[in-house]
Amino acid sequence: MTAQHTKSSLAALTLAAVGIVYGDIGTSPLYTLKAVFDKDHGLALTTPNLIGIISLIFWGLTLIVSLKYVTLMLRADNRGEGGIMALMALALNSVTKASKWYVPLMVMGVFGATMFYGDSVITPAISVLGAIEGLEVALPGIPTWVVLLITAIVLVCLYSVQRRGTAGIGRWFGPIMVIWFAALAAMGVVNIIEAPQILAALNPLRALGFMLENRSTAFIALGAVVLALTGAEALYADMGHFGKKPIRAAWFLIAFPALALNYMGQGALLIVHPEHISNPFYNQLGSWSVYPLLLLSTMAAVIASQATISGTFSMTKQAIALGLMPRMRVLHTSESEIGQIYIPAVNWLQLVVVLIGVLIFQSSDNMAGAYGIAVTATMLCTTVLTFFVTRYRWHLPLVLCFGATGFFIIMDIMLFSSSTLKLFHGGWFPLLLGSILFTGMMTWKRGRQLVFENLQSHAIPLDDFLQSLFVAPPTRVYGTAIFLRGESDGVPHALLHNLSHNKVLHERVVFLTVHMLEEPWVPAAEQAKVTELGHNCFQINVHYGFKDEPDIPKVLLQCEAQGLPFEMMETSFFIARQTVISAPGGGMAPWREHLFVTMSRNARGAADYYQIPPNRVIELGTQVEI
């Protein structure tokens, strides 16, 4: 019975993984081959070239996705969690903060994360646009503006329903994507039967021979071949949601066979009908299939986009917890699934940028150049971070570490270098987005460090203060006062202001410090630790992982087991709201200081972020110069 239940759970998770994890890479056949043989690449549409390109795609899926991500990367989990943020935290924990590698690893992790954001903007645009372009096959001569308008309508509808969550429609993602992959496989088989010589692409020597024979032309085309590998990061990032076994089963049993068959089928189609290069995907079965494929591909594109949007919300929440972004409003869209969140600011900002991308590029072919550079940059950062995890976390021999990651670093550099050739043909778009985000993240990180140093330099040691305070104690009033204090703070400014203005102290005083750890989860029983300071004063240290949901009232309930019960209606929270001021001769360039001040003023309040009831909060202002 237990074994049967386990098999049932594995099957359900595998089905869900097909829908969420492989939506992005699953829609790549919509535009990959069309982009490879774009006239700008100068690659002739001949049978040897077709076999060489299909061989490159097949072995790219085998080596990059199957071997690197499904086999190696899924082992590099941070307490079951994946993704570049979790990997960066794992790599940073592998070296000390004094290590010469600490800052470069953090910078590389942040850069890779910003490239993921660039990818998350392009994925909805290219997936939906590539699907709607089927109308150009069904209705030759249709104006471009009609295709763009329909694409924009689909995208606006998609982003508008995010606030309702995906719990309702999410259950259909898996079955729809299974149908999608079954259709890909079936179309591939039909066309392979007509031109079985395409099966020669299974020989890796054909890929190598194509690269050696065509050299510069093949290298340029490689930047489009990488489109077949987009979405590989998603399977690693979603490891925490589904686990390793379902992701591996979904890839090897469903996604990989279907993709391999369809790419070979498209290659076989072009051998027989080279005139279909304008849109090989929609011409695989003839004119009768265009409208059914248009409907199915649009649903698949929406699912691929949804997975990327949800991933962006999750990445943003992790970045906030790791101190790389200011606090934002995070809404939960499901009472049972803690991972289903909605961040309004990110949602609408991303929609605006996606629509701008659609208007700028106007076709999936033009957008292909923008796509590859973001994906390959993230892949390269992931591989480098993995080396440090294998060497300094797993303590594997240096030769083995180079062997495990060196091969993939060479491949990633080749793919990234090829993608950069399209820098002025769309590649600038994700790099610009990434640069803006990178600047914002590093400015926020550095600004918080300067605030930390300022507070630390003016901090009054808490133990000494309490000792002197109770020599002639102030009047104590009924109730409990909780003062939030940072890790660097001595006596909270809110306490000093309260004593200065009100001349009283509550009968029970609690100092609460939140520690955000560079690991995804902290067990609930280990989140709170109470230390008695004397005179009915206490220190509570709360520890959260970067994927935990901060909830101070909930964590206070755990303190009862440690002898410190709380009655919320008799408890007041005193919070010092910091007003950051840019001072001359500070630690950053003036424009960065002003940027940090602006971000700080628009950050979500601590009380709201930590879910403290607003009617129990007293905020006292304080100024901090940087």
Side-chain angles (χ1 to χ4, degrees), residues 76-93 106 109-110 113 116 165 167 236-243 310-343 345-346 441 444-445 448 482 484-487 510-531 539-562 564 566 568 573 575 603-613:
D77 66 294
N78 192 339
R79 294 198 177 188
E81 291 294 325
I84 193 162
M85 282 287 186
L87 183 65
M88 179 186 72
L90 200 63
L92 292 177
N93 280 333
M106 184 185 70
V110 173
F116 176 86
Y236 178 47
D238 284 319
M239 176 167 52
H241 293 118
F242 302 101
S310 300
T312 306
F313 294 155
S314 178
M315 176 83 77
T316 302
K317 184 172 178 288
Q318 294 176 36
I320 293 170
L322 289 170
L324 295 169
M325 282 186 175
R327 293 186 294 263
M328 301 181 194
R329 189 181 180 207
V330 180
L331 303 177
H332 289 265
T333 58
S334 173
E335 294 181 358
S336 57
E337 297 292 333
I338 193 169
Q340 292 188 14
I341 58 175
Y342 168 66
I343 305 178
V346 173
M441 285 185 174
W444 182 258
K445 184 79 173 176
R448 293 308 302 169
I482 297 181
L484 267 65
R485 60 190 288 258
E487 297 178 42
V510 176
F511 302 98
L512 192 147
T513 304
V514 176
H515 303 264
M516 303 303 299
L517 307 183
E518 291 175 344
E519 55 188 59
W521 308 103
V522 175
E526 301 174 13
Q527 287 180 348
K529 183 179 180 181
V530 178
T531 303
Q539 170 69 44
I540 299 178
N541 288 306
V542 179
H543 297 87
Y544 287 124
F546 57 79
K547 294 202 74 173
D548 281 319
E549 180 63 25
D551 189 336
I552 294 301
K554 184 177 179 181
V555 87
L556 290 179
L557 296 176
Q558 302 170 22
C559 297
E560 186 171 358
Q562 301 181 49
L564 191 63
F566 287 91
M568 195 56 63
F573 293 82
I575 299 175
R604 185 185 180 192
D608 189 27
Y609 182 72
Y610 292 123
Q611 303 188 48
I612 301 172

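The figures that follow rest on heavy atoms only: side chains count, while hydrogens, waters and symmetry mates do not.
- To the nearest 0.5 Å, atoms CZ (Phe566) and CD1 (Ile482) are separated by 4.5 Å.
- Taken to the nearest 0.5 Å, the CZ atom of Phe313 stands 9.5 Å off from the CG atom of Leu331.
- Side chain of Glu519 to backbone of Asn93: no donor-acceptor contact under 3.5 angstrom is found.
- We find the CD1-CD distance between Ile84 and Gln318 to be 11.0 Å, quoted to the nearest 0.5 Å.
- Expressed to the nearest 0.5 Å, how far CD of Gln611 lies from CG of Asp551 amounts to 4.0 Å.
- Minimum heavy-atom separation, Asp548 to Val522: OD2-N, 2.9 Å.
- Counting only heavy atoms from C-beta outward, the side chains of Met315 and Met85 approach each other to under 4.5 Å.
- To the nearest 0.5 Å, the span separating CD on Gln539 from NZ on Lys529 amounts to 11.0 Å.
- For Asp238, the side chain to side chain donor-acceptor pair (under 3.5 Å) partners at least two apart in sequence or on another chain are His241.
- A side-chain donor-acceptor contact under 3.5 Å links Arg327 to the backbone of Arg604.
- Thr513 places a side-chain N or O within 3.5 Å of a backbone atom of Arg485 that can act as its donor or acceptor partner.
- Atom CE of Met516 is separated from atom CZ of Phe546 by 9.5 Å, given to the nearest 0.5 angstrom.
- Counting heavy atoms from C-beta on, the side chains of Leu556 and Met568 come closer than 4.5 Å.
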